[in-house]
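Chain identifiers are assigned alphabetically (A, B, ...) following the order of the sequence lines, protein sequences preceding nucleic acid strands; residue numbering begins at 1 within each chain. This is a predicted model, so every value here is computed, not measured.
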Amino acid sequence: MPPKNLLGFGKMSDQKNNPAKQALPQNAISPRRAEDFPEWFQQVIKAADMAENSEVRGCMVIKPWGYGVWEQIQSQMDKLFKKTGHKNAYFPLLIPVSYMEREASHVDGFATECAVVTHHRLEAVKQPDGSVKMKPAGELAEPYIIRPTSETIIGAAFARWVSSYRDLPLLINQWCNVMRWEMRPRLFLRTAEFLWQEGHTAHETSDEAVKETLLMLDVYESFMRDQLALPVIKGEKTESERFPGALSTYCVETMVQDRKAIQAGTSHFLGQNFAKACGIQFQGRSGSQEHAWTTSWGVSTRMIGTMIMTHADDDGMIMPPRIAPTHVVIVPITPKEDTRDAVLAMAQDFAKRLGERSFAGRQIEVEVDARDKNGGEKSWEWIKKGVPVRIEIGPRDMQEGKVALARRDRAHKQKDFLLVEEALEKLPSILQEIQDSLLARAREHQNAHMKKIDSLEEFKKFFTPTNEDKPEIHGGFALCHWAGSKDDEAKIKADLKVTIRCVPFADSFKESGTCFVSGKPSKQRVIFAKSY
RNA sequence: CGGCGCGUGGCGCAGCCUGGUAGCGCACUUGCUUGGGGUGCAAGGGGUCGUGGGUUCAAAUCCCGCCGCGCCGACCA
């Protein structure tokens, strides 16, 4: 290779020829959504500094900006759970293997993804090369599994706590981590260990338990819609997609930007299956021994992945204001030494006053980014993180008593110059506007890609990409009449990777027609889609 | 568990074919410069080349074993 200098390529021209640098003005995330959606998703998480893969297979490190979102979800949802009469408790991480055996379909459902604890200590073993290896020792009489879900161990506790109909209903929630040994992990969407809440309730009657199941589904729906700006669709799962051990499984499904479906939350009516398996019995009003009717319901860190896939764009994350860990970031512009202190003081003062105001029941969270970094670099960082509002305060603004305000749901260069008082006054409503615009945008996308389909031919066409090797974004929600069998469902899944996401509740899906596979009469349309 | 690919400073990679004691970009540190949109310049710091063995005067490079990871399938919230 000839020396670079002879060709006139100094370091400077190297910099200019760097494709990464040249790409900068266009957009922050590479590849773009349209080019490679899964890779884009990974890159957004990285650019937004929300999480990273850890050295433990399938387990992620959730970084402060990502965990901050989880903290918001937790604290806000927890209030909703309390409001509906639930109390928090905590149960063991480890579950005796025998507990899992108590409910037949439950074991089947989870057996293949259990982490098993078999020993309770380590012994140092000297290796021939002088190093020391720790070997498991002290084998347990009965192995434990790390909870993949807690129906059985909470059921065992319920069995102790319930003896009379007067002890019911029992309304418990647990915030915790669970582990499911997934073969193919994906940050936030499917990790081997994930954070969630699991509600477990026991009731005197079937009716009451079903009501509880649907009530919590409603809580999920409104929370996701109002706080996460996710337009979810409520419905019931078909038998093949049902939770192992449940009589019926309800869900909230949403469509993300590559038009695939994500189940964002579930609520199960467990009938008396787990009550019988765990011995949750009580003496009823008439004096007879009866089994309780139980429910369970949960949402996880997957919701964060769903939000990213729904709201983020080619410049990174866009946080819905109601869930954003920080609502507003202030970037002081300090070009000159002699005005620096005054600008910083104004920024701090503005932040303090803004922080005294509230938005959607929270104090407005403001951060002043006074780091000694280039202003443009800082702005881009916050764009990628998706903070809803960026405010710049520089010497010029200071003189005019104004601030420059930019919204993450608009073009980056679009800035409104507002008087300080005006900005303080308007910010809560601006945040709500952003919240509304995100939901509206997501809704529009979802509606645009829902299609009534009545023939198998059209169905296949809808779910087949033009380019088989590198499938482009295609498909969506196919709304179809369905009266087919379990086998028909399995065949569609095998052929096209498409499944029934849910049988929706909404009236708009209820109309009579003919099943596009079996030709049998059907009373309503269901949603078919590819899913995560 | 099957198919493919990859392990070289924190990250992304080149070097390997044809052996000769390690290089690039980003990030980091320091100084100057710049600052209303990813500033520029200069000087620095940092590497058991996944691991064990073999061949050789000499191994990141060649040979054999092992380990780990990623992607694609089956499974799944």
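- The partner of B/C13 is B/G23, judged by Watson-Crick or G-U wobble contacts that both fall below 3.5 Å.
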Summarise protein proximity over nucleotides 66-73 of chain B in one line of letters, 5' to 3': B for base, S for sugar-phosphate only, - for none, counting protein heavy atoms closer than 4.0 Å. ---SS-SB
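- The side chain of A/Arg180 lies closest to B/A77 when the candidates are B/A77, B/G37, B/G35.
- Looking at the side chain of A/Arg390, the nearest of the listed nucleotides B/C11, B/G37, B/G36 is B/G37.
- Taking the side chain of A/Glu182 as heavy atoms from C-beta on, and the options B/G38, B/C75, B/G37, the nearest nucleotide is B/C75.
- In this structure, the side chain of A/His311 engages the main chain of A/Leu228 through a donor-acceptor pair within 3.5 Å.
- Using atom P as the reference point in both B/U8 and B/C62, the two lie 16 Å apart (nearest Å).
- The residue A/Gly375 sits apart from the nucleic acid: no heavy atom pair falls under 4.0 Å.
- Between B/G2 and B/G19, the distance separating the two P atoms is 36 Å to the nearest Å.
- A/Ala347 meets the side chain to side chain contact (heavy atoms under 4.5 Å, CB included) test with A/Ile330, A/Pro332, A/Val368, A/Ile393; sequence neighbours excluded.
- Base pairing of B/C28 is made with B/G44, judged by Watson-Crick or G-U wobble geometry with both donor-acceptor distances under 3.5 Å.
- Across all strands shown, A/Lys415 has heavy atoms under 4.0 Å from base atoms, whether or not it also approaches the sugar-phosphate.
- The residue A/Lys237 sits apart from the nucleic acid: no heavy atom pair falls under 4.0 Å.
- A/Phe194 comes within 4.0 angstrom of a base, heavy atoms only.
- The aromatic ring centres of A/Tyr67 and A/Trp65 sit 6.0 Å or more apart.
- Out of B/A77, B/G36, B/G38, the shortest distance to the side chain of A/Ala28 is found at B/G38.
- Minimum atom distance to the side chain of A/Asp397 is reached by B/G36, of the listed B/G38, B/G36, B/G37.
- When the nucleotides B/G37, B/G38, B/G36 are ranked by their closest atom to the side chain of A/Lys413, B/G37 comes out on top.
- For A/Trp297 and A/Phe81, the distance between ring centers is under 6.0 angstrom.
- At a threshold of 4.0 angstrom between heavy atoms, the contacts of A/Gln263 are confined to the sugar-phosphate backbone, with no base atom among them.
- The nearest heavy atom of RNA chain B to A/Thr112 and to A/Glu392 marks one nucleotide each, and the one closer to the 5' end goes with A/Glu392.
- Within the shown strands, B/G50 is the pairing partner of B/C66 under the Watson-Crick or G-U definition, both distances less than 3.5 Å.
- We find that A/Glu241 and A/Arg501 are joined by a salt bridge, their nearest charged nitrogen and carboxylate oxygen being less than 4.0 Å apart.
- No engagement by A/Ile262 is indicated, since no non-hydrogen atom pair under 4.0 Å with the nucleic acid exists.
- When the nucleotides B/G37, B/G35, B/G36 are ranked by their closest atom to the side chain of A/Ala406, B/G37 comes out on top.
- Pairs of residues two or more places apart, or lying in two chains, that qualify as ring-ring contact (aromatic ring centres under 6.0 Å, His included) and include a residue from residues 387-421 of chain A are A/Trp380-A/His412.
- A/Asp313 and A/Arg33 are not joined by a salt bridge, as no carboxylate oxygen comes within less than 4.0 angstrom of a charged side-chain nitrogen.
- Minimum atom distance to the side chain of A/Ser300 is reached by B/A77, of the listed B/G38, B/A77, B/G36.
- Within 4.0 Å of A/Ala264, counting heavy atoms only, lies no atom of the nucleic acid at all.
- Pair check for B/C1 finds B/G73; Watson-Crick or G-U wobble, both atom distances under 3.5 Å.
- Counting non-hydrogen atoms under 4.0 angstrom, A/Thr191 reaches a base of the nucleic acid.
- A/Phe274 and A/His200 have their aromatic ring centers separated by at least 6.0 angstrom.
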